[in-house]
Number of protein chains: 2
Amino acid sequence: MKRKITLKQIAKELDVSISTVSKALSNSKEISEDTTQKIQAFAKLYNYRPNNIALSLKNRKTKTIGILIPEIVHHFFSTVIRGIELVANNRGYNVIVGLSNESFTKEIINMEMLANGSIDGFILSISKETLLKQDYHHFHATINQGMPIVLFDRVVNEVKCDKVVVDDFKGSVKAVNKLISTGCKNIALITTMDYVSVGRLRTQGYLEALQEHKMHADSNLILKIDDSLDVEDQLDNLENEVENFFKVNKKIDGVFAVNELYAVTAMKVVRKLGLHIPNDVQVIGFTDGVLSKHARPSLTTVSQHGQKIGEKAADLLIDRLERDELEEADYIEESDRNEHFKTVVIETALIERDSTK
Amino acid sequence: MKRKITLKQIAKELDVSISTVSKALSNSKEISEDTTQKIQAFAKLYNYRPNNIALSLKNRKTKTIGILIPEIVHHFFSTVIRGIELVANNRGYNVIVGLSNESFTKEIINMEMLANGSIDGFILSISKETLLKQDYHHFHATINQGMPIVLFDRVVNEVKCDKVVVDDFKGSVKAVNKLISTGCKNIALITTMDYVSVGRLRTQGYLEALQEHKMHADSNLILKIDDSLDVEDQLDNLENEVENFFKVNKKIDGVFAVNELYAVTAMKVVRKLGLHIPNDVQVIGFTDGVLSKHARPSLTTVSQHGQKIGEKAADLLIDRLERDELEEADYIEESDRNEHFKTVVIETALIERDSTK
DNA sequence: TTGTAGGCGTTATCAT
DNA sequence: ATGATAACGCCTACAA
């Protein structure tokens with residue numbers, strides 16, 4: 001078991017100086033043909049690779065991106081990671097992943113761990129608890145230290161940084177329009193509590209679509225699920241809640257759910273009540289996950305393009321990192337670079353399957 | 001935008017030496033009460049945190065674990081990551097994720113990137129292409145450099161390291177026994193090509209269960225799917241293949257599928273052919289994913305406990321890392337430590353749902 | 001009680 | 001053409 005070889009060892013073996021080795025390996029023309037050959041051969045033989053950590057320390061940058069998400073066992077977040085990883089790797093970056101598990105404290109701890117030199121910048125989606133507390137000081141602190149952040153999906157105006165979101169509002173309008181155009185008169189909305197930004201926006205889209213068609217928005221038809229402490233075991237709970245909702249509102253003939261789980265649960269309940277999908281009740285869900293394709297009937301969804309979100313977020317972050325690097329040299333006014341942050345909107349698409357007519 | 005503060009800067013500001021600051025911050029009793037107070041107050045004010053990279057370089061260890069998996073958009077792998085992250089964080093480690101995307105080359109590139117100092121050890125599951133090529137030199141190289149590896153799920157005898165697997169064989173026996181005991185006479189197996197170790201083991205379990213019950217193993221009842229280049233779009237293809245299989249073998253009354261997708265597809269096809277589940281055909285799938293719970297009827301599965309696998313793998317790796325550290329000091333014979341590697345077997349559980357009687 | 005110096009592995013600048 | 005030195009940020013054995 002021989003440890004990885006270093007410049008120093010090569011230098012000693014070949015009886016030259018460390019800097020000669022370093023130069024030879026980077027093909028510097030300062031070094032003679034002969035020694036270069038010799039050194040490169042030796043290095044290859046021993047499979048020399050420069051130590052990333054030493055390079056990071058020297059260059060004051062790590063070439064790695066920190067991802068911080070609320071939960072990884074979640075199709076949407078997985079696809080985002082895949083997108084990030086894809087472009088990060090292509091552009092020479094690594095990816096380090098932290099999970100907040102929807103907890104404010106864990107979010108902070110994780111950020112602190114990573115912010116101390118391990119990464120060059122963050123791509124993150126805010127935990128529910130943080131959104132609830134509306135305490136964003138850790139994001140401000142990180143940004144103030146000169147570490148860029150890109151927020152995705154669950155974003156917040158208070159944090160000044162680049163953002164990538166899907167068109168929650170328009171996507172919801174699209175979905176509800178579809179339900180209206182196929183004859184639904186009483187469209188229910190199953191959503192989360194308002195503090196999750198995407199929940200709020202999707203609710204607004206729902207209301208907007210109704211209004212456009214001069215349909216009355218009946219608050220009884222809106223079910224807000226409190227999943228602030230959502231655990232797997234709460235599945236039954238969810239089903240009961242949805243079932244009660246449907247029993248009280250028997251006239252429902254269309255459902256728009258802000259996520260896949262709610263949509264699938266609604267379908268399950270509807271069937272249990274002896275109704276037919278899509279003839280009696282049509283269902284559309286936001287989020288295009290695995291369940292949608294394989295549900296019976298397959299679920300019409302508003303696709304979020306998670307991978308695209310990830311790719312875009314990574315591009316935004318790396319662009320900024322490399323721009324900052326240039327500007328560091330050229331001494332550009334801070335105000336000139338920190339002011340204009342982009343918010344990229346990824347278009348949603350309505351994927352029509354069998355839960356709608 | 002003020003950069004993160006360093007010991008050096010604190011030292012200059014307070015007009016003391018760097019080492020004094022360092023000692024004061026670690027509460028060394030070498031330093032006087034007064035200066036300690038002063039320094040700690042200042043450090044707190046400026047929110048001083050030691051730079052991880054510098055620590056890594058100095059200590060020659062990074063306190064981060066490299067995870068390398070074939071695919072992240074996959075419930076099983078996500079749960080494994082969650083498990084790893086859980087114990088890693090508890091034990092003071094970070095987690096850096098690489099995706100091989102089932103490609104041999106990408107696996108190698110990723111390993112090289114990470115092995116050059118970025119991490120202390122690997123937890124990985126081998127890509128399909130690598131299994132097909134049976135070329136494991138990159139694993140050997142990594143291990144030889146003194147970087148420990150823990151293999152999970154898709155493991156291979158040729159690589160000498162700690163391993164975490166589920167009891168594929170026994171789990172399959174359990175599943176097929178269940179089918180037999182509920183009256184199935186012609187049990188089909190839907191599996192992958194043999195080079196994926198888990199596929200092979202699950203097939204063996206299937207055969208064993210049949211044999212135990214003196215049932216004839218009909219090779220016509222075994223469908224091997226070649227998913228070496230499995231892409232999402234091949235879904236239709238899969239469905240067709242399974243459909244043909246069922247059309248040719250009309251007597252099938254039980255199905256054991258080595259993964260969730262195959263199981264769900266089988267259910268879809270069975271229904272399409274006008275048969276009832278579980279009355280006409282019973283189905284069991286290996287892997288406990290999201291689909292199983294929400295499928296209709298819900299799918300009986302052999303649960304893999306992905307999170308537990310991840311937790312165990314992380315514990316094994318960190319145990320070894322910390323043991324190595326001790327032994328480095330005590331100069332223990334290499335042979336003494338490298339010889340005995342553990343293979344931990346996580347027990348599977350049969351989760352009975354509605355696709356079986 | 002405080003400070004100096006060396007080293008972790010690398011590269012860049014400046015001698016020789 | 002080659003080598004010595006400093007620096008990235010931190011820690012620690014050893015001096016003062």
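Note that these values count all heavy atoms, side chains included, but never hydrogens, waters or copies made by symmetry. Residue numbers begin at 1 in each chain, while the letters A, B, ... track the order of the sequences.
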- Task: Name the first nucleotide and the last nucleotide along DNA chain C (5' to 3') that come under 4.0 Å of a heavy atom in chain B.
- Result: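 The protein-touched segment is C:dT1 to C:dG9.
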
Less than 4.5 Å apart, any side-chain heavy atom of [X] and any of [Y]?
| X | Y | result |
| --- | --- | --- |
| B:V164 | B:D162 | no |
| B:N94 | B:N89 | yes |
| A:K163 | A:V344 | no |
| B:Y48 | B:V21 | no |

- Item | Contact pattern, 5' to 3', of nucleotides 2-7 of chain D - B, S or - by protein heavy atom under 4.0 Å | BBB--B

I'd like to check the salt bridge (Lys or Arg N to Asp or Glu O under 4.0 Å) partners of [X]; sequence neighbours left out, ordered by chain and number.
| X | value |
| --- | --- |
| A:D135 | none |
| B:E85 | A:K106 |
| A:R49 | B:E112 |

What is the nucleic acid contact for [X], judged by heavy atoms within less than 4.0 Å: base, sugar-phosphate only, or nothing?
| X | value |
| --- | --- |
| B:T6 | sugar-phosphate |
| A:K29 | sugar-phosphate |
| A:L7 | base |

- Message: What is the separation between atom CZ on A:R60 and atom C1' on D:dC10, rounded to the nearest whole Å?
- Response: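 To the nearest whole Å, that distance equals 14 Å.
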
- Message: Without decimals, in angstroms, what is the distance between B:L25 CG and D:dC10 C1'?
- Response: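 Distance, rounded to whole Å: 11 Å.
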
- Query: Looking at residues 46-57 of chain A, who's got a heavy atom less than 4.0 Å off DNA chain C?
  - Reply: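 A:Y48, A:R49, A:P50, A:N51, A:A54, A:L55 - these, ordered by number, are the residues of the stretch whose heavy atoms sit under 4.0 Å from the strand.
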
- Message: If the helix axis at each end comes from five base pairs, how far does the helix from C:dT1-D:dA16 to C:dT16-D:dA1 deviate from straight, to 10°?
- Response: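 The angle, to the nearest 10 degrees, is 70°.
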
For [X], which residues count as a side chain to side chain donor-acceptor pair (under 3.5 Å) partner, sequence neighbours excluded?
| X | result |
| --- | --- |
| B:D319 | B:R91 |
| A:S118 | B:N52 |
| B:S19 | B:S17 |
| B:T6 | B:Q9 |

- Message: Rounded at 0.5 Å granularity, tell me how far CD1 in A:I81 sits from CD1 in A:I69.
- Response: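 One gets 3.5 Å once the value is rounded to the nearest 0.5 Å.
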
- State the CZ-CD1 distance between B:F139 and B:I126, to the nearest 0.5 angstrom.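 So the gap between those two atoms works out to 4.5 Å.
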
- Message: For a quick check under 3.5 Å, do B:K4 and A:N116 share a side-chain donor-acceptor pair by atom type?
- Response: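 Judged by distance alone, the side chains do pair up.
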
- B:R154/B:E102 ion pair, N-O < 4.0 Å: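 Yes.
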
- Residue-level proximity of residues 111-122 of chain B to DNA chain D when a heavy atom falls under 4.0 Å: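 Nucleic-acid contacts, sorted: none.
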
